[in-house]
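Note sheet for the following structure.
Numbering of residues begins at 1 and proceeds along the displayed sequence. Computed from a predicted structure; not experimentally measured.
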Amino acid sequence: MNVPLYMAKWGKNVREKLAKPVQKLKPKVDPGARWNIVKGDMVKVIQGPSTGDQGKVLAVLRAKNRVIVEDCNMRRRILKKNPQESGKIIMKPCSLHYSNVMLVDPTTGEPTKISRRYLEDGTKVRISKASGHIIPKPDPMADRRPRSLATGPKDTAEEDVFAVTFDEYEKYLPHIYEKEASEI
């Protein structure tokens, strides 16, 4: 019996197995793993499309094992037009794998490995293996923009903040102060 390969049952099974794409397994991220790189650090790219560039870490994506570095790995992004503006093309930094960047030693300006030690007062610090100097952690609040103090349409007016809107407020007033006195 001369049956073509694609017609026989075993031939169909072989074809299906060959046609299925092999899925890559993503590396699992250890949630308890400590990272030496935090937002605000100066790093140098040691491998990848922008090798040799230095920049500040804008974001740390721990779930993906990646970091976004200022002015490194720049890609074109297209902004769609909206009623206020026309569309435009901007350059935006893309993420790099964290193994492709190294922390920069502030004293020498060169990339370095990190060790962790405790000072006499018990604080944990990062120490450069190349120079032995302490690498301070950047202030997380340094780059934050202050909240706008301008009042908007949904904000409560100053004169209405202390106004009592609960009708039976006076009835429950003694109970409120009893709870506060018992807590003290």
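Residue Leu119 holds its CG atom at 5.5 Å from CG of Asp121, rounded to the nearest 0.5 Å. Rounding to the nearest 0.5 Å gives a distance of 6.0 Å between CD1 of Ile68 and OG of Ser95. To the nearest 0.5 Å, the span separating CD on Gln54 from SG on Cys72 amounts to 9.0 Å. In this structure, CZ on Arg144 lies 9.5 Å from CG on Asp139, to the nearest 0.5 angstrom.
Side-chain contact check for Val45 versus Leu96: some heavy-atom pair is nearer than 4.5 Å. Contact check for Thr51 versus Ile46: no side-chain heavy atoms found under the 4.5 Å cut-off. At least one side-chain heavy atom of Arg77 sits less than 4.5 Å from a side-chain heavy atom of Cys94. Asn36 places a side-chain heavy atom less than 4.5 Å from the side chain of Arg116. Between Thr112 and Val104, every side-chain heavy-atom pair lies at or beyond the 4.5 Å cut-off. Proximity of Pro49 to Arg75: side-chain heavy atoms (C-beta onward) are separated by under 4.5 Å at one or more points. For the pair Val67/Leu61, no side-chain contact is recorded, criterion being any heavy-atom separation below 4.5 Å from C-beta on. Side-chain contact between Lys39 and Leu58: absent, with no pair of heavy atoms (C-beta onward) separated by less than 4.5 Å.
The nearest pair of heavy atoms linking Met42 to Leu103 is O-CD1, 3.6 Å. In this structure, Pro138 and Val38 approach most closely via the heavy-atom pair CD-CG2, 3.7 Å. Residues Ile114 and Lys129 approach most closely at O-CE, 3.7 Å, considering heavy atoms. Across Ile135 and Ser128, no two heavy atoms sit closer than the pair CD1-CB, 3.9 Å. The shortest non-hydrogen separation linking Ile37 to Val101 is CD1-CG2, 3.6 Å. In terms of heavy-atom proximity, Asn65 sits nearest to His97 at O-CD2, 3.4 Å.
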Evaluate the criterion side-chain contact (heavy atoms from CB on, under 4.5 Å) for residue pair Arg66 and Tyr98; output intermediate values, then yes/no.
CA-CA 5 Å; Arg66 298 180 86 76; Tyr98 80 97; over 6 Å; no
Derivation of the side-chain contact (heavy atoms from CB on, under 4.5 Å) call for Met102 and Lys44:
CA-CA 5 Å; Met102 282 184 81; Lys44 185 171 186 175; 5.5 Å; no
Take Lys113 and Ser115, measure what side-chain contact (heavy atoms from CB on, under 4.5 Å) needs, and give me the verdict at the end.
CA-CA 7 Å; Lys113 291 184 178 181; Ser115 67; over 6 Å; no
Apply side-chain contact (heavy atoms from CB on, under 4.5 Å) to the pair Thr108 and His133, showing each step before the final yes or no.
CA-CA 10 Å; Thr108 62; His133 289 90; over 6 Å; no
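Connection of Tyr118 to Ile134 is not established within any shared hydrophobic cluster, with ILVMFWY side chains joined at heavy-atom distances below 4.5 Å, either directly or through further cluster members.
More than 12 heavy atoms of other residues, nucleotides or ligands shown are found within 6.0 angstrom of CZ on Phe166.
Under the 3.5 Å distance criterion, with hydrogens and angles disregarded, no donor-acceptor pair is assigned to the side chains of Asn73 and Ser50.
Listed by chain and number, the residues in a side chain to side chain contact (heavy atoms under 4.5 Å, CB included) with Lys88 are Leu79, Glu85, Ile90 (sequence neighbours excluded).
Remark: Arg126 engages Asp41 in a salt bridge, criterion side-chain N to carboxylate O under 4.0 Å.
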